[in-house]
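Proteins come first, then strands; the chains are lettered A, B, ... in the order of their sequence lines, and each starts at number 1.
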2 protein chains.
Amino acid sequence: MATTKHALFPEEQVSLAAFAGALAHPARIAIISLLQERKEVCCGDIVKELPLAQATVSQHLKALDKAGLLHLRECGPKVCYSLNCEAIRSFCHSFQCTLGTDQADHSAELEPAADCANRRS
Amino acid sequence: MATTKHALFPEEQVSLAAFAGALAHPARIAIISLLQERKEVCCGDIVKELPLAQATVSQHLKALDKAGLLHLRECGPKVCYSLNCEAIRSFCHSFQCTLGTDQADHSAELEPAADCANRRS
DNA sequence: TTGACTTATCGTATATCTACGATAAGCGAT
DNA sequence: ATCGCTTATCGTAGATATACGATAAGTCAA
């Protein structure tokens with residue numbers, strides 16, 4: 001009864017959610033950090049760094065690749081991964097636009113609604 | 001055998017993944033967009049806008065709240081939600097730092113790695 | 001070809017997510 | 001107290017995600 005319903009939402013929202021979903025796991029954040037500091041890394045090197053089995057790392061890499069965040073290059077028996085910086089930048093941009101933090105003008109509108117009384121988290 | 005393993009990763013990566021996870025659904029992106037254009041919205045208004053049942057919307061709101069992205073205010077029988085802009089801004093900042101797009105100077109470094117040969121998606 | 005190495009995929013078990021109806025719980029008015 | 005309204009929670013079903021071992025598939029060297 002819980003079929004996904006993603007199709008009922010605007011395409012841009014689905015796209016942004018997919019981007020967020022690709023980053024919604026510590027291992028994938030770690031992979032991206034690793035790819036950022038060492039320009040290009042092969043799967044085995046990532047396996048050495050993370051507390052996960054090779055199959056799991058490969059699965060996470062596939063998820064990142066599916067989201068379009070990676071470039072991959074086969075060199076010999078290895079596969080070298082690097083960040084698709086352009087795609088990431090593009091996603092970040094629409095991300096910030098949607099989140100409304102593109103320009104941080106917390107100068108005028110610090111009060112969200114002046115007619116608000118009690119407020120709790 | 002697939003217990004979560006999040007605890008084996010650095011706290012910041014877990015935190016960022018949680019933030020991304022909160023945004024990893026089109027409905028939650030839509031809710032944030034809605035909260036951005038109308039400063040403050042109650043649950044029922046969101047239900048009217050989205051193709052989801054009230055229980056589902058409430059669940060999504062809970063997820064966003066749990067991630068710390070919302071302020072909520074009870075007024076009468078209603079509950080009014082607004083964005084926790086400060087938290088969102090803070091998350092976005094560390095987000096961009098991690099993704100390496102904190103300053104989008106795609107002026108000099110358009111070439112990710114000049115020593116790469118063939119490259120395919 | 002065989003062997004050593006690297007990575008992707010398969011199969012599988014468990015956990016979490018998604019979605020809903022039903023119901024509970026709260027407020028305000030009558 | 002009762003009714004109408006609003007929202008949260010419960011219970012549940014199905015779909016996805018997570019993690020691993022085992023295995024397949026590929027490259028390079030001998």
Participant: Starting at OH of Y81(A), measure out to SG of C42(A) and round the result to the nearest 0.5 Å.
Facilitator: 9.5 Å

Participant: Base, sugar-phosphate, or nothing: which does L61(A) touch, judged by heavy atoms less than 4.0 Å apart?
Facilitator: nothing

Participant: Atom CZ of R73(B) to atom P of dG26(C): distance rounded to whole Å?
Facilitator: 20 Å

Participant: How many Å lie between CD on Q54(A) and P on dT23(D), as a whole number?
Facilitator: 15 Å

Participant: Please state how far atom CG in L50(A) lies from atom P in dT18(D), giving the value in whole angstrom units.
Facilitator: 14 Å

Participant: Looking at H60(B), I'd like to know whether one of its side-chain N or O atoms comes within less than 4.0 Å of OP1 or OP2 on dC17(C).
Facilitator: no

Participant: Could you tell me how far apart D65(A) (CG) and dT7(C) (C1') are, to the nearest whole angstrom?
Facilitator: 13 Å

Participant: Nearest to the A53(B) side chain among dG21(C), dC20(D), dT7(C), which nucleotide is it?
Facilitator: dG21(C)

Participant: So, OP1 or OP2 of dC20(C): does either fall under 4.0 Å of a side-chain N or O from T56(B)?
Facilitator: yes

Participant: If I take atom NZ in residue K66(B) and atom P in nucleotide dT18(C), what distance separates them, rounded to the nearest angstrom?
Facilitator: 12 Å

Participant: Give a yes/no answer on whether the side chain of K5(A) brings an N or O atom under 4.0 Å of OP1 or OP2 in dC20(C).
Facilitator: yes

Participant: Between C75(B) and C42(A), which is nearer to the 5' end of DNA chain C once each is assigned its nearest nucleotide?
Facilitator: C42(A)

Participant: Looking at dT6(D), I'd like to know if its phosphate oxygens (OP1 or OP2) sit under 4.0 Å from a side-chain N or O belonging to Y81(B).
Facilitator: no

Participant: Checking side-chain contact (heavy atoms from CB on, under 4.5 Å) between H71(A) and each of L83(A), N84(A), D65(A), L35(A), which is the one that passes?
Facilitator: N84(A)

Participant: Starting from P on dA19(D), measure out to NZ on K62(A) and report it in whole angstrom.
Facilitator: 16 Å

Participant: Starting at CD of Q59(A) and ending at P of dT7(C), how long is that distance when rounded to a whole Å?
Facilitator: 16 Å

Participant: Can you measure H25(A) atom NE2 to dA15(C) atom P for me and round it to whole angstrom units?
Facilitator: 15 Å

Participant: Nearest to the side chain of P77(A), heavy atoms from C-beta on, is which of dA8(C), dA15(C), dC28(D)?
Facilitator: dC28(D)

Participant: How about E11(A): does its CD atom have over 12 heavy atoms from other parts shown lying under 6.0 Å from it?
Facilitator: no

Participant: Is the shortest side-chain N to carboxylate O distance from K78(A) to E40(A) below 4.0 Å?
Facilitator: no

Participant: OP1, OP2 of dC5(C) versus side-chain N and O of K78(A): anything below 4.0 Å?
Facilitator: no

Participant: Taking only side-chain nitrogens and oxygens of S58(A), does any of them come within less than 4.0 Å of OP1 or OP2 of dA8(C)?
Facilitator: yes

Participant: Students often mix this up, so state it plainly: with edges at 30° and 60°, are the rings of F95(B) and F19(B) parallel, tilted or perpendicular?
Facilitator: perpendicular

